[in-house]
Amino acid sequence: MVIGFDSLSRYQEKNPYFGAIIGRYGNRIGKATFKIDTATYHLAANDGENTLHGGLKGFDKVVWDAFPNDSTGTLTLKYVSKDGEEGYPGNLSVTVVYTFTDDNELLIDYTAETDKPTVLNLTNHSYFNLTGDVNNTILDHTLQINADKYTPVDATLITTGELKDVKGTAFDFLQPHKIGERINDVTGGYDHNFVLNRKSDMPEPVATLADSVSGRVLEVYTTEPGMQFYTGNFLDGTNKLSDGKPINIHTALCLETQHFPDSPNKPEFPTTLLKPGERFHSQTKYKISIK
Ligand code: BGC
């Protein structure tokens, strides 16, 4: 149900972040620049004039120390991103723990600490197709998202700063809708951050994806304020599964729990600033069931 390869070398080929941990900053930072206090930081412009998913060598392309534990069903991954790496300030120590629970959930727990003020936005970039077959698109999947608002973007996919009501638009997924039903009303397809209706600090249910043919259901829980819903608009068949099947447009989708794109330049958005002495903590759960 997720797009993936059967060997490490295939992941080392150019691919659009299949299954990867994204950092130091998931999604985009406008004009590849941000400020903390009076200091301006310049990042690699790897998406037009903007920076995307951490820059040229983001957390998806670095080697993490891995600590599998079969008795607890966990995999702990650790990485220290050096001060100045990809232009970001501060030595940032990141730990990501994957746990398979007895409730058919994959829990992803992220913690991080820094020795200088920095920005971060960590997410998981898995691509789902609940039919398990990329010969089918995801346009017939139904999706429900607990979000009254979303963050509109400009032509370069940078948030405008506005939080827009989903009511009466193709972004209203408060009730379940087929993804293909209104996708043509959205230029380029869905690639937008939703402002999640959340009330507590605990992981809360924010989205439900379902495929009525297989009966498979994927529920997303998170502590994050946002979620990028991306319908694989840039998948173009270049990448192929191990059996040779091309991964074409709209054959997989991402539900990336996160802070809002370009938050470092949008003081009105929930902050992505992390200071020395603070501990970043975030959790996301993907729960699978059959209906
Ligand atoms: C972004 C897309 C981008 C994709 C990378 C998503 O998180 O929102 O714009 O193309 O990642 O493949």
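What you see is a predicted model, and the numbers here were worked out from it, not measured in a lab. For ligands, and for the atoms within them, numbers begin at 1 and follow the listed sequence.
Residues with a heavy atom under 4.0 Å from ligand 1: P16, Y17, N27, R28, H53, H125, Y127, L157, D191, Q228, Y230, F234, E256.
Paired with T151 under the rule side-chain hydrogen bond (donor to acceptor under 3.5 Å, both in side chains), one option of T160, D262, N193 passes, and it is N193.
D211 is linked by a salt bridge (charged side-chain N to carboxylate O under 4.0 Å, His left out) to nothing, counting only residues two or more places apart in sequence or in another chain. A search for side chain to side chain contact (heavy atoms under 4.5 Å, CB included) contacts involving N91 returns K82, D83, D115, not counting sequence neighbours.
Salt-bridge check for R182 with D172: failed, with every basic side-chain N at 4.0 Å or more from each acidic carboxylate O.
Within the structure, every pair that satisfies the ring pair (Phe, Tyr, Trp, His ring centres under 6.0 Å) test and touches residues 241-264, not counting sequence neighbours, is listed here: F260-F269.
Formation of a donor-acceptor pair under 3.5 Å by the N129 side chain with backbone atoms of N136 is found in this model.
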